[in-house]
Protein chains: 2
Amino acid sequence: MPAPLKPAVRAAETLAFEAAVVSFFTDAADILGVPKSVAAIYGICFASPEPLTFSEIESRLDISKGSVSQGLKLLKEVGAIRPVAEESARLERYEPDIELRKLVLHYLEQRVSTQLNAGRGRIREIKAALPGTAAGRAILKERVASLEGWHSKSAALLPLIKGALKLTV
Amino acid sequence: MPAPLKPAVRAAETLAFEAAVVSFFTDAADILGVPKSVAAIYGICFASPEPLTFSEIESRLDISKGSVSQGLKLLKEVGAIRPVAEESARLERYEPDIELRKLVLHYLEQRVSTQLNAGRGRIREIKAALPGTAAGRAILKERVASLEGWHSKSAALLPLIKGALKLTV
DNA sequence: GGCCAAGTTCAAATCATTTTGAACTGAAAT
DNA sequence: ATTTCAGTTCAAAATGATTTGAACTTGGCC
């Protein structure tokens with residue numbers, strides 16, 4: 001029976017604090033475009049002053065190993081958490097990148113850029129062949145022009161936003 | 001056997017055009033935060049120079065009456081389409097609000113504002129009780145401050161974005 | 001009134017996404 | 001060489017959101 005260096009039972013205030021932080025992130029999960037479990041993993045790391053191991057994350061959140069593994073993988077790829085270099089330790093520990101911008105950039109990259117690029121092709125198709133009578137085509141032409149306007153304004157804005165995120169926040 | 005004023009079989013080019021426009025919007029559906037069927041309904045209205053009736057929408061998209069009913073309801077509420085005033089006609093016809101801003105505003109209102117407000121409460125909770133040792137609390141304090149910074153910057157930005165959408169686009 | 005056409009409602013079915021868990025891999029410990 | 005521990009993989013289960021369809025309402029017309 002080894003003496004527990006770290007009590008498995010943690011203080012009630014700590015648990016409450018963790019719950020509040022995790023909720024903050026899981027509530028935001030769909031705006032950030034990540035599954036709840038991923039937001040929760042980020043949250044639990046955020047809520048701990050010491051970097052956490054895989055199994056600490058698993059037990060504090062009570063989610064499956066599979067989810068922890070996949071979630072950590074995504075968060076590492078995106079740069080939202082990073083392994084803490086600790087020479088001698090055999091278990092990797094993770095700490096959050098304290099700025100949320102990595103998660104936001106990931107979202108912009110995945111969702112917005114992807115859609116803008118798909119849109120570019122669609123608009124080409126659409127402009128290529130307006131059907132119908134002359135009168136009808138005139139109306140459609142105007143609509144498609146407004147679509148194009150939207151599209152190109154968004155496309156122009158996106159890099160600016162990305163740039164702003166890199167600087168500030 | 002009544003003479004069809006409007007042929008049920010429409011030109012292939014028209015069908016292709018509609019398909020391209022509908023795809024444009026259904027691809028964008030999740031960025032806009034609406035179900036695909038709703039995006040499709042908006043798309044089919046957008047693709048028609050003449051305003052469409054309920055049953056035209058239903059048959060051109062081949063979706064159920066239930067979905068058309070719910071989709072039109074949402075789009076009307078949001079102001080993304082509007083009934084065309086045509087004095088004598090018994091069937092309502094709908095045309096798109098050609099600016100996409102209604103849909104975007106709806107999204108900002110629903111998702112972003114909601115989350116920002118929920119976040120405000122959470123942050124209060126979180127700040128109220130940082131747990132742990134003094135050293136730990138110092139780290140957490142910094143993290144929470146960064147969260148708060150994010151939150152308040154987003155909250156400040158949102159009305160500006162809404163305002164910009166109302167003016168331009 | 002009774003009937004039909006147009007649209008609404010909502011519970012059940014479908015579909016997409018996320019999560020689980022059990023089998024597996026690899027690497028250290030004995 | 002075997003055992004054990006840490007983590008990965010991926011097919012199947014669970015969950016959550018969307019869509020369907022059938023029963024129902026409403027309003028016009030005979």
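Labels below follow one simple rule: chain letters A, B, ... track the order of the sequence lines, proteins then strands, and each chain is numbered from 1.
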Partner residues of [X] under the side chain to side chain contact (heavy atoms under 4.5 Å, CB included) criterion, sequence neighbours left out:
| X | result |
| --- | --- |
| A:Ser113 | A:Glu109, A:Leu158, A:Lys162 |
| A:Lys65 | A:Phe54, A:Glu58 |
| A:Ser146 | B:Ile98, B:Glu99 |
| A:Glu18 | A:Arg10, A:Thr14, A:Leu15, A:Ile44, A:Ala47, A:Arg60 |

Residue pairs, two or more places apart or on separate chains, that pass salt bridge (Lys or Arg N to Asp or Glu O under 4.0 Å) and touch residues 30-39 of chain B:
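Matches after skipping sequence neighbours: A:Arg111-B:Asp30.
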I need a per-nucleotide contact map over nucleotides 3-21 of chain C, read 5' to 3'. Cutoff is protein heavy atoms under 4.0 Å; write B for the base, S for backbone only, - otherwise.
----BBBB-------SBBB
Short question: side chain of B:Ser48, backbone of B:Pro51 - any donor-acceptor pair under 3.5 Å?
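Judged by distance alone, no pair lies under 3.5 Å.
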Where at least one partner belongs to residues 68-80 of chain A, residue pairs that pass side-chain hydrogen bond (donor to acceptor under 3.5 Å, both in side chains), sequence neighbours excluded
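Matches after skipping sequence neighbours: A:Lys76-A:Tyr94.
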Partner residues of A:Glu148 under the salt bridge (Lys or Arg N to Asp or Glu O under 4.0 Å) criterion, sequence neighbours left out:
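A:Lys127.
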What residues, two or more places apart in sequence or in another chain, satisfy salt bridge (Lys or Arg N to Asp or Glu O under 4.0 Å) together with A:Glu142?
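By the salt bridge (Lys or Arg N to Asp or Glu O under 4.0 Å) rule, A:Glu142 matches no residue at all.
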So, using ring-ring contact (aromatic ring centres under 6.0 Å, His included) as the criterion, who are the partners of B:Phe25 when residues are at least two apart?
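Scan of B:Phe25 (ring-ring contact (aromatic ring centres under 6.0 Å, His included), adjacent residues dropped) gives B:Tyr42, B:Phe46.
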So which protein N/O to nucleotides 26-30 of chain D N/O distances come out below 3.5 Å?
none

What does the list of N/O pairs under 3.5 Å between the protein and nucleotides 26-30 of chain C look like, with a distance for each?
none

